[in-house]
Protein chains: 4
Amino acid sequence: MSERLGQKNWFIADGFIPPISNGDQESHESICVLNCNLEQVELEVIVYFEDRDPLEGLFYSIEGRRTKHIRTSWLKNDQGEQIPLGVPYAMEIRSNQAIIVQYSRLDSTQKELALMTTMGYS
Amino acid sequence: MSERLGQKNWFIADGFIPPISNGDQESHESICVLNCNLEQVELEVIVYFEDRDPLEGLFYSIEGRRTKHIRTSWLKNDQGEQIPLGVPYAMEIRSNQAIIVQYSRLDSTQKELALMTTMGYS
Amino acid sequence: MSERLGQKNWFIADGFIPPISNGDQESHESICVLNCNLEQVELEVIVYFEDRDPLEGLFYSIEGRRTKHIRTSWLKNDQGEQIPLGVPYAMEIRSNQAIIVQYSRLDSTQKELALMTTMGYS
Amino acid sequence: MSERLGQKNWFIADGFIPPISNGDQESHESICVLNCNLEQVELEVIVYFEDRDPLEGLFYSIEGRRTKHIRTSWLKNDQGEQIPLGVPYAMEIRSNQAIIVQYSRLDSTQKELALMTTMGYS
């Protein structure tokens with residue numbers, strides 16, 4: 001394995017789950033996480049909003065030497081709180097081990113799909 | 001909060017507000033800013049053009065622990081000057097505290113929308 | 001040639017070969033590699049999955065002062081194993097010399113094509 | 001002006017000028033350059049191919065405190081050589097002063113347009 005395996009803190013500033021879908025491709029976002037470590041990593045996602053306090057405690061685990069393409073709509077804290085649809089937000093991803101994070105969105109609000117992706121900021 | 005909270009100076013080289021929209025999705029660009037600091041941050045956006053001097057003094061504030069997805073068409077200086085539509089430009093974003101900046105564009109010039117995004121350069 | 005010619009280790013967290021194509025544009029992904037060195041470089045791609053051990057030994061060579069836009073569907077190890085279609089995965093790219101890696105996907109699952117690209121993480 | 005104004009060497013690994021256009025949006029690529037310096041900068045673009053030696057000597061100047069969204073199809077060396085359409089290639093951009101480079105492509109090969117963008121690698 002390479003000596004440089006990523007970073008523990010990642011940020012995505014443009015978060016938005018499109019509330020509308022068309023065709024057989026559902027609008028969604030993913031944070032794609034690569035864990036090159038041998039050990040399982042524990043993630044916390046902190047969600048920042050435009051007009052209220054952050055939503056914390058969205059935890060996720062990824063086994064060693066695995067990737068996980070996490071749909072942001074799957075994330076939930078222990079009070080059952082989730083990222084709302086159709087609201088601009090941002091994410092901080094903290095990991096207990098170095099990881100790599102890429103963000104992608106598929107938008108099928110109109111009939112044809114659009115894609116965008118970027119590496120997270122670390 | 002993580003020890004690494006971003007940078008104070010960000011650059012976006014491909015700015016362009018598409019002048020045409022179709023369907024219910026309006027063509028637009030956003031600079032998505034994440035402020036993980038406890039304090040409010042003060043931003044200045046400097047707009048560079050191909051054929052004239054930069055437009056300065058486009059200020060914006062973002063509260064602590066908040067994100068703001070700023071449409072570039074909202075920005076205005078105290079003379080009421082704004083970024084013109086349909087003109088290639090670039091942006092420098094200066095903040096008094098470290099922030100994270102991601103740039104996205106939705107283009108609905110033709111009937112279906114297209115998306116693009118990138119982290120800013122810092 | 002510039003003094004800074006890239007990195008030896010690159011990561012792409014959002015890998016996915018769309019299994020469906022429409023029109024005359026085939027859905028595909030590419031890892032676009034730029035080798036500015038005078039010598040040929042030897043690459044190994046390691047493929048990480050969500051639910052099984054990594055696939056290793058996908059080798060590729062690129063001559064000196066050449067680029068190669070490698071379709072991920074071309075990669076094969078000496079047992080003939082390839083990246084499966086329609087499965088979320090991630091890639092680590094190791095090179096014996098510094099290179100530059102950009103990742104792009106063209107998705108024509110629906111009638112019109114969508115594009116996304118990002119520099120790899122290094 | 002900020003103390004950190006970019007880099008002198010930039011790389012784009014995924015270059016491709018789509019040879020087909022539809023509708024009123026012409027398929028094209030741009031290297032969007034921001035020159036925050038007071039002085040004019042001199043650029044050289046070196047084009048790398050899959051199967052032949054690099055094309056050198058594509059020069060471009062940008063005035064101080066200006067941006068320029070350079071269509072790759074505009075670039076020409078003093079023998080009149082240009083980047084061919086429909087061929088995978090890569091670019092190295094060298095500047096005599098620090099600049100910021102972002103790459104974008106608009107593809108209207110099919111009826112609807114697709115967009116992609118990324119900061120260059122530096």
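Sequence lines set the chain letters: A, B, ... in the order given, protein chains first and strands last, and positions in each chain run from 1.
With a 4.5 angstrom heavy-atom cutoff, M116(C) touches chain D only via backbone atoms. With a threshold of 4.5 angstrom between heavy atoms, D107(C) does not approach chain D through any atom at all. Both the backbone and the side chain of D53(D) come within contact range of chain C, with heavy atoms under 4.5 Å apart.
Side-chain contact between P54(D) and R66(C) is present, with at least one heavy-atom pair separated by less than 4.5 Å.
Minimum interatomic distance between A114(C) and A114(D) (heavy atoms only, all atoms of both residues): CA-CB, 4.2 Å. Minimum interatomic distance between E92(D) and C36(C) (heavy atoms only, all atoms of both residues): OE1-SG, 4.1 Å.
E44(D) is linked by a salt bridge (Lys or Arg N to Asp or Glu O under 4.0 Å) to nothing, counting only residues two or more places apart in sequence or in another chain. With sequence neighbours left out, the salt bridge (Lys or Arg N to Asp or Glu O under 4.0 Å) criterion links E26(C) to R71(C).
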Kindly determine whether H69(C) and E50(D) satisfy side-chain contact (heavy atoms from CB on, under 4.5 Å), including the steps that lead there.
CA-CA 8 Å; H69(C) 294 199; E50(D) 295 198 321; 3.8 Å; yes
Dump the intermediate steps for side-chain contact (heavy atoms from CB on, under 4.5 Å) on Q110(D) and Q25(C), then the final yes or no.
CA-CA 8 Å; Q110(D) 294 189 348; Q25(C) 299 282 307; 3.3 Å; yes
Using the side-chain contact (heavy atoms from CB on, under 4.5 Å) rule, take C32(C) and F16(D) through it: C-alpha gap first, then chi angles, then the decisive distance, then the call.
CA-CA 11 Å; C32(C) 301; F16(D) 184 82; over 6 Å; no
Could you walk me through whether R65(C) and Y48(D) pass the side-chain contact (heavy atoms from CB on, under 4.5 Å) test, one step at a time?
CA-CA 7 Å; R65(C) 306 193 81 203; Y48(D) 293 86; 4.3 Å; yes
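For the set L34(C), T67(C), T117(C), L106(C), the count of heavy-atom pairs under 4.5 angstrom toward chain D peaks at T67(C).
Distance check, rounded to the nearest 0.5 Å: OG1 of T118(C) to CE of M119(D) gives 11.0 Å. In this structure, CD1 in I100(C) is found 13.5 Å from CG in D14(D), a value given to the nearest 0.5 Å. For the atom pair CG of L115(C) and CG of L115(D), the computed distance is 8.0 Å after rounding to the nearest 0.5 Å.
Screening W10(C), Y121(C), Y103(C) for a ring pair (Phe, Tyr, Trp, His ring centres under 6.0 Å) with Y121(D), the sole residue that qualifies is W10(C).
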